[in-house]
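Note that these values count all heavy atoms, side chains included, but never hydrogens, waters or copies made by symmetry. Each chain gets a letter, A, B and so on, in the order the sequences are listed, and its residues count up from 1.
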Amino acid sequence: MDFRGFDTLGEITVLCIAAIGIYKLLNRLRLFMPSSDSEGRPWSKDLHPMLLATVSQTLLPLALLVSVFIFLRGHNEPGGGFIAGLVTAVALILLYIARGVDWAQQRLTFQYQPIAVTGVVIAALTGLGSWLFGHNFLTSAFGHFAIPYIGEVELATAMLFDLGVYLTVVGATLMILANLGKLTTRHRPSKENDKETV
Amino acid sequence: MEALFATVTGFLAASGLYLALRGRTFPVVVGLTLLSYAVNLFLFSTGGLTTDGAAVIQDGKTHYADPLPQALVLTAIVIGFAMTAFSVILAMRVRGDQGSDQVNDQRGDEAREEKS
């Protein structure tokens with residue numbers, strides 16, 4: 001990886017900016033929420049069907065495994081940090097959909113904004129790091145290492161860059177979709193969340 | 001192949017432009033999305049359309065598709081994704097704040113005049 005990383009760096013920067021913009025737009029947004037559909041029928045009481053809840057929980061470790069596979073494969077073959085991040089984000093969003101915001105919020109306690117920003121910073125620093133060794137921006141150094149029990153593995157600084165991309169995509173996607181889902185709940189993104197009576 | 005591709009791109013662009021000029025925010029958002037699809041397809045076709053070309057370098061293959069438009073369009077798709085998300089949320093925010101999804105928003109103007 002060399003100058004070809006530029007477009008990815010640009011992509012994740014745009015994605016991060018858009019996600020932060022969306023987060024700020026959703027701040028203190030109140031939407032009218034009808035209690036029935038257009039023909040007056042009330043919404044289903046069964047908000048979180050058992051089948052989806054069970055399947056989504058089983059699916060989570062498998063999806064994480066697939067995303068790790070795609071992440072590691074991305075160095076020499078199609079794949080990479082971006083799509084691995086999307087797979088992880090989809091699995092986590094499925095948890096939100098299947099179990100509801102309250103349930104997911106208790107278990108996913110971390111904030112998404114720092115993750116996305118950290119990702120961009122890691123990717124940019126990896127690119128800048130090659131300057132220290134007198135190479136062009138985003139030049140990747142790589143070597144082959146023998147790790148016990150696993151065998152010879154190729155490690156490259158491109159992987160660090162990919163890690164940044166991965167974190168940005170997970171953080172930004174979850175920041176957009178999870179905050180959108182929280183709008184109608186008491187976890188609504190708002191500065192006066194604590195003072196408000198719910 | 002080229003004729004079909006050009007027709008599809010043109011149709012998407014025309015539909016997108018028509019919807020983007022509608023009076024409510026939802027068609028505008030859908031129109032912008034269609035327009036970005038049309039632009040993506042156009043960017044993809046800038047390298048010429050290759051039939052039966054391999055996308056990734058493999059052993060024993062000599063016939064390849066042009067990789068540059070693919071890289072371009074990949075970036076364009078991601079930017080389009082971010083832009084679509086942003087415009088959807090912007091439309092929602094307008095709906096929440098003004099209580100109306102009109103683009104030229106007459107109801108919102110009246111409400112503001114009453115307030116002031």
Side-chain angles (χ1 to χ4, degrees), chain A residues 1-33 73-83 85-86 89 93 116 120 165 168-169 171-184 188-190, chain B residues 24-26 28-29 32-33 35-36 39-40 43-44 46-47 50 53-61 64-103 105 107-108 111 115:
Chain A
M1 186 196 64
D2 34 49
F3 61 90
R4 285 170 293 158
F6 260 127
D7 63 336
T8 314
L9 191 62
E11 275 167 25
I12 61 172
T13 315
V14 169
L15 202 60
C16 189
I17 292 173
I20 291 173
I22 285 169
Y23 179 71
K24 296 310 282 181
L25 273 179
L26 287 175
N27 196 18
R28 281 186 277 163
L29 172 62
R30 283 168 173 282
L31 283 180
F32 169 66
M33 199 182 147
R73 186 177 188 265
H75 190 49
N76 290 321
E77 280 177 86
F82 206 95
I83 187 147
L86 282 180
I93 287 296
V120 176
V165 175
T168 312
V169 173
T173 317
L174 282 176
M175 210 200 302
I176 298 171
L177 292 177
N179 284 321
L180 192 57
K182 284 176 199 169
L183 267 189
T184 49
R188 187 172 53 238
S190 151
Chain B
R24 290 178 179 270
T25 47
F26 180 67
V28 171
V29 169
L32 285 177
T33 315
L35 207 56
S36 82
V39 171
N40 287 347
L43 280 179
F44 186 69
T46 47
T50 318
V56 182
I57 292 184
Q58 289 165 343
D59 290 333
K61 288 271 171 94
Y64 288 110
D66 190 350
L68 193 59
Q70 295 179 27
L72 267 179
V73 86
L74 182 67
T75 309
I77 287 170
V78 174
I79 307 288
F81 163 66
M83 189 211 70
T84 308
F86 192 81
S87 54
V88 167
I89 306 292
L90 195 62
M92 275 180 60
R93 179 81 212 198
V94 171
R95 177 79 177 82
D97 283 359
Q98 314 259 9
S100 151
D101 61 348
Q102 296 281 346
V103 172
D105 197 25
R107 257 198 289 172
K115 251 184 230 169

Considering only heavy-atom distances, could you tabulate the donor-acceptor pairs under 3.5 Å between chain B and chain A?
from     : atom 1 : to       : atom 2 : distance (Å)
Thr75(B) : OG1    : Asp7(A)  : OD2    : 3.3
Thr75(B) : OG1    : Glu11(A) : OE2    : 3.1
Arg93(B) : NH1    : Leu25(A) : O      : 2.6
Arg93(B) : NH1    : Asn27(A) : O      : 2.7

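Counting heavy atoms of neighbouring residues, nucleotides and ligands inside a 6.0 Å radius, atom CD1 of Ile83(A) does not exceed 12 of them.
Heavy-atom pairs under 4.5 Å with chain A were tallied for Ile89(B), Leu72(B), Ile79(B); the largest tally goes to Ile89(B).
The CG atom of Leu26(A) sits 6.0 Å away from atom CE of Met92(B), with the distance rounded to the nearest 0.5 Å. To the nearest 0.5 Å, atoms CG (Leu25(A)) and CZ (Phe86(B)) are separated by 4.5 Å.
With a 4.5 Å cut-off on side-chain heavy atoms, Phe82(A) and Leu74(B) do not count as touching.
With sequence neighbours left out, the side-chain contact (heavy atoms from CB on, under 4.5 Å) criterion links Ile176(A) to Ala19(A), Ile22(A), Ala85(B).
If you measure heavy-atom distances from Leu180(A) to chain B, the contacts under 4.5 Å come from the side chain alone.
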